[in-house]
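Read through the structure below, which is laid out as structure tokens, and then see the notes.
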Amino acid sequence: MFMNIKNLQFTYPKSPLKTVDDFSFAVEKGEVISILGRSGSGKSTLLRLIAGLEMPLGGSFTLNGKKMFCDQTFLQPEKRGIGMVFQDYALFPHMSVEDNVLFGLPKMSKKDKNKRVQEVLELVELTGFEKRYPHQLSGGQQQRVALARAMAPEPELILLDEPFSNLDTDLQVKIREDLRRILKKAKTTAIFVTHNQNDAHALADRIVKIKDGKIDKIGRPCDLLGVSPTEIPGMVEITYEELIGV
């Protein structure tokens, strides 16, 4: 498995209940996974644990054969090779599109940096927008700049926190399609959290529904909609154990 989380545990100080309780899940390379749940279900905390922004109380997390955390190990966020797109995009307002994307790149020659910026801007269809500033862009364009910045260093995994919450309803359908196409074209492994079932079903290869920090249901969108995999060409049955990699 490309990514594997086992028995993840986390509780906020002074909280009587576990925020994340015995969470185990595995992801294949190139999959787009949705963590779906209501407010307070633990989905955003789970994203922060994967990113390294919170310290787990127990469990283990391996990404592409590299241990992110376990009983003896805790790798700092900047060493994990994980990109993140925040809910508000977190673009620097005083920087151009080009400079926002450049900011996320590691040390390399100026020529290589400029080449990589052009590659990711082409991927997100923002070629020609290099000199614009965030306030000159639509919400969907700002999201694509944030995605380009996260993708520029070629991370092992990209995390997205409620990626459509700041978009107008009319834009959401198109932006969902654009985001899935971009991630699939780049063969990027991605996990996004959302409370919106439409977002999860439209974008994800698999959905993990969580409730009170635990997995409630897990499966492909067709599974969770009640459609039998045997009714869809190319689909095969898969067990729960196979889905979570145990």
Side-chain angles (χ1 to χ4, degrees), residues 1-12 19-35 42-92 100-108 112-113 116-117 119-120 123-124 143 145-163 179 182-184 186-194 203-206 208 210 213 215 244-245:
M1 279 293 174
F2 181 72
M3 170 182 161
N4 202 2
I5 294 174
K6 291 185 178 180
N7 308 120
L8 181 59
Q9 308 278 346
F10 179 80
T11 304
Y12 284 106
T19 309
V20 177
D21 188 4
D22 200 27
F23 189 96
S24 296
F25 183 59
V27 179
E28 295 283 5
K29 186 173 178 59
E31 275 195 294
V32 178
I33 303 296
S34 169
I35 307 295
K43 60 186 187 299
S44 292
T45 300
L46 180 62
L47 212 66
R48 291 176 61 82
L49 286 163
I50 293 171
L53 302 177
E54 299 286 355
M55 179 78 74
L57 296 179
S60 64
F61 168 32
T62 303
L63 180 63
N64 197 17
K66 188 175 183 179
K67 191 72 73 175
M68 300 291 111
F69 63 72
C70 62
D71 291 341
Q72 296 82 29
T73 303
F74 181 84
L75 205 60
Q76 295 300 316
E78 65 274 15
K79 297 179 181 179
R80 295 192 178 197
I82 295 176
M84 189 148 185
V85 179
F86 295 94
Q87 187 172 344
D88 61 357
Y89 311 141
L91 299 177
F92 297 109
N100 265 282
V101 178
L102 279 168
F103 185 84
L105 287 171
K107 292 181 180 179
M108 59 175 69
D112 287 341
K113 283 187 176 183
R116 183 58 183 160
V117 169
E119 287 174 350
V120 293
L123 180 65
V124 300
Q143 184 192 68
V145 175
L147 182 61
R149 184 176 62 185
M151 295 176 72
E154 300 182 88
E156 300 277 10
L157 173 69
I158 286 184
L159 306 176
L160 301 101
D161 185 11
E162 296 280 2
L179 181 56
I182 290 166
L183 292 172
K184 287 300 181 182
K187 299 179 181 179
T188 300
T189 308
I191 297 176
F192 72 98
V193 301
T194 183
L203 183 58
D205 295 315
R206 286 192 288 146
V208 181
I210 65 172
I215 293 176
I244 65 171

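Values reported hereafter were calculated over all heavy atoms of this structure, with side chains retained and with hydrogens, waters and symmetry mates removed. Quick caveat, the model's predicted, so the values are computed rather than measured.
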Query raised in the report: Between Leu47 and Ile35, does a side-chain contact (heavy atoms from CB on, under 4.5 Å) hold up when you go through it step by step?
Result: CA-CA 9 Å; Leu47 212 66; Ile35 307 295; 5.5 Å; no

Requested in this report: Check step by step if side-chain contact (heavy atoms from CB on, under 4.5 Å) holds for Phe10 and Leu8.
Outcome: CA-CA 7 Å; Phe10 179 80; Leu8 181 59; 5.7 Å; no

Query raised in the report: Can you list the steps and then say if Ile182 with Met151 is a side-chain contact (heavy atoms from CB on, under 4.5 Å)?
Result: CA-CA 10 Å; Ile182 290 166; Met151 295 176 72; 4.1 Å; yes

**Report entry** Step-by-step side-chain contact (heavy atoms from CB on, under 4.5 Å) determination, Gln9 to Asp22
**Finding:** CA-CA 5 Å; Gln9 308 278 346; Asp22 200 27; 3.5 Å; yes

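Among all heavy-atom pairs drawn from Gly42 and Ile210, the shortest one is C-CD1, 3.6 Å. In plain terms, the two heavy atoms of Ala186 and Leu123 that are nearest each other are CB-CD2, 3.7 Å. The two residues Glu28 and Arg206 make their nearest non-hydrogen contact at N-NH2, 4.4 Å. Across all non-hydrogen atoms, the minimal contact from Pro163 to Leu179 is CB-CD2, 4.4 Å. Here the shortest heavy-atom pairing between Leu102 and Lys113 reads CD2-CB, 3.7 Å. Contact detail for Cys70 and Ser60: the closest heavy-atom pair is CB-CB, 4.0 Å.
Taken from CD1 in Ile191 to CD1 in Ile158, the straight-line distance is 11.5 Å, to the nearest 0.5 Å. Rounding to the nearest 0.5 Å gives a distance of 9.5 Å between CG of Leu63 and CD1 of Ile5. Residue Met1 holds its CE atom at 12.5 Å from OG1 of Thr62, rounded to the nearest 0.5 Å. Rounded to the nearest 0.5 angstrom, Thr45 OG1 and Ile50 CD1 are separated by 11.0 Å. With rounding to the nearest 0.5 angstrom, the CZ atom of Phe61 is 10.0 Å from the CG atom of Leu75. Interatomic distance, Asn7 CG to Asp21 CG, rounded to the nearest 0.5 Å: 10.0 Å.
For Asp205, the salt bridge (Lys or Arg N to Asp or Glu O under 4.0 Å) criterion is met by Arg180, Lys184, not counting sequence neighbours. Applying the side chain to side chain contact (heavy atoms under 4.5 Å, CB included) test to Thr194 and every residue at least two apart in sequence or in another chain returns Ser34, Leu36, Glu162, Phe192, Asn196, Asp199, Ala200. Residues meeting the side chain to side chain donor-acceptor pair (under 3.5 Å) test with Glu54, sequence neighbours left out: Arg48. Every residue was checked against the salt bridge (Lys or Arg N to Asp or Glu O under 4.0 Å) condition with Glu156, not counting sequence neighbours, and none meets it. Glu119 pairs by the salt bridge (Lys or Arg N to Asp or Glu O under 4.0 Å) definition with Arg116, not counting sequence neighbours.
Taking 4.5 Å as the limit, every side-chain heavy atom of Leu49 sits out of range of all side-chain heavy atoms of Phe23. In this structure, the side chains of Pro77 and Leu53 come closer than 4.5 Å at one or more pairs of heavy atoms.
Heavy atoms of other residues, nucleotides or ligands lying less than 6.0 angstrom from CZ of Phe74 number more than 12.
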Which atom pairs, one a donor and one an acceptor, fall under 3.5 Å between side chains of residues 84-92 and the rest of the protein, sequence neighbours left out?
from: Gln87; atom 1: NE2; to: Ser165; atom 2: OG; distance (Å): 3.1
from: Asp88; atom 1: OD1; to: Ala90; atom 2: N; distance (Å): 3.3

